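This report concerns only the one structure given below.
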Amino acid sequence: MCIFCSIVNNEIPSYKLYEDDDVLAFLDISQTTFGHTVVIPKKHVANILECDDETYAKLMKIVKELSGKIYQKTNAKGINILHNANEVAGQTVMHMHYHIIPRYDETDKLNITFAENHDKDIEKAYELLK
Ligand code: AMP
Ligand code: ZN
């Protein structure tokens with residue numbers, strides 16, 4: 001069974017921060033930064049590409065509420081919200097989750113950069129996606 005479903009079912013322990021009928025939040029075991037949290041729907045869906053609107057809305061409401069709470073309680077200077085969808089994007093647990101990652105300074109353990117793509121074709125992207 002999926003590891004996050006096992007956490008939902010209390011088959012493996014977790015540091016739960018929030019729980020209601022549809023949503024669960026618990027500390028990410030990696031603690032990439034202090035207070036790093038994952039928020040999941042209790043229902044097993046793989047990621048945003050498969051998630052129904054109702055589940056998504058419930059999940060995002062809690063992501064927002066917890067982001068504010070964690071930001072305040074940790075005295076973080078900022079916060080990253082991250083969702084990885086599919087392996088190529090770094091998803092390792094195939095049960096939908098949003099990461100809430102408090103940020104403290106440039107020495108903390110998360111590094112996200114948007115490097116410029118020198119082969120970019122922004123006109124082609126626009127024609128495809130508009
Ligand atoms: P992702 O790479 O976006 O799929 O993230 C999966 C996250 O789940 C990683 O940050 C892991 O540290 C975290 N994780 C895996 N197993 C557990 C667990 N048993 N309890 C808490 N977090 C976990
Ligand atoms: Zn699951």
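All values derive from a computational prediction rather than experimental measurement. Start at 1 with the first residue, then count along the sequence. As the structure lists them, so they are numbered: ligands from 1, and atoms in each ligand from 1.
Follow the hydrophobic side-chain contacts under 4.5 Å out from Ile62 and you reach Ile70 in the same cluster. Under the 4.5 Å side-chain contact rule for hydrophobic residues, Met94 and Leu82 do not share a cluster.
Checked against salt bridge (Lys or Arg N to Asp or Glu O under 4.0 Å), Asp52 has the following partners two or more places apart in sequence or in another chain: Lys43.
Around atom CD of Glu87, no more than 12 heavy atoms belonging to other residues, nucleotides or ligands sit under 6.0 Å away. Summarising the local packing, CG of Leu49 is surrounded by more than 12 heavy atoms from other residues, nucleotides or ligands at distances under 6.0 Å.
Taking distances strictly below 2.8 Å, the protein N/O/S atoms close to the Zn ion (ligand 2) are Cys2 SG, Cys5 SG, His44 ND1, His95 ND1.
In this structure, CG on Leu110 lies 6.5 Å from OG1 on Thr32, to the nearest 0.5 angstrom.
Using a 4.0 Å cut-off between charged side-chain N and carboxylate O, Lys42 and Asp22 make no salt bridge.
Screening residues 62-84 for salt bridge (charged side-chain N to carboxylate O under 4.0 Å, His left out) gives Lys61-Glu65 as the qualifying pairs, with residues at least two apart or on separate chains.
Within 4.0 Å of ligand 1, counting heavy atoms only, the contacting residues are Ile3, Phe4, Ile7, Phe26, Leu27, Asp28, Ile29, Ser30, Asn84, Gly90, Gln91, Thr92, Val93, His97, His99.
Of the N and O atoms on the side chains of His99 and His36, at least one donor lies less than 3.5 Å from an acceptor on the other residue.
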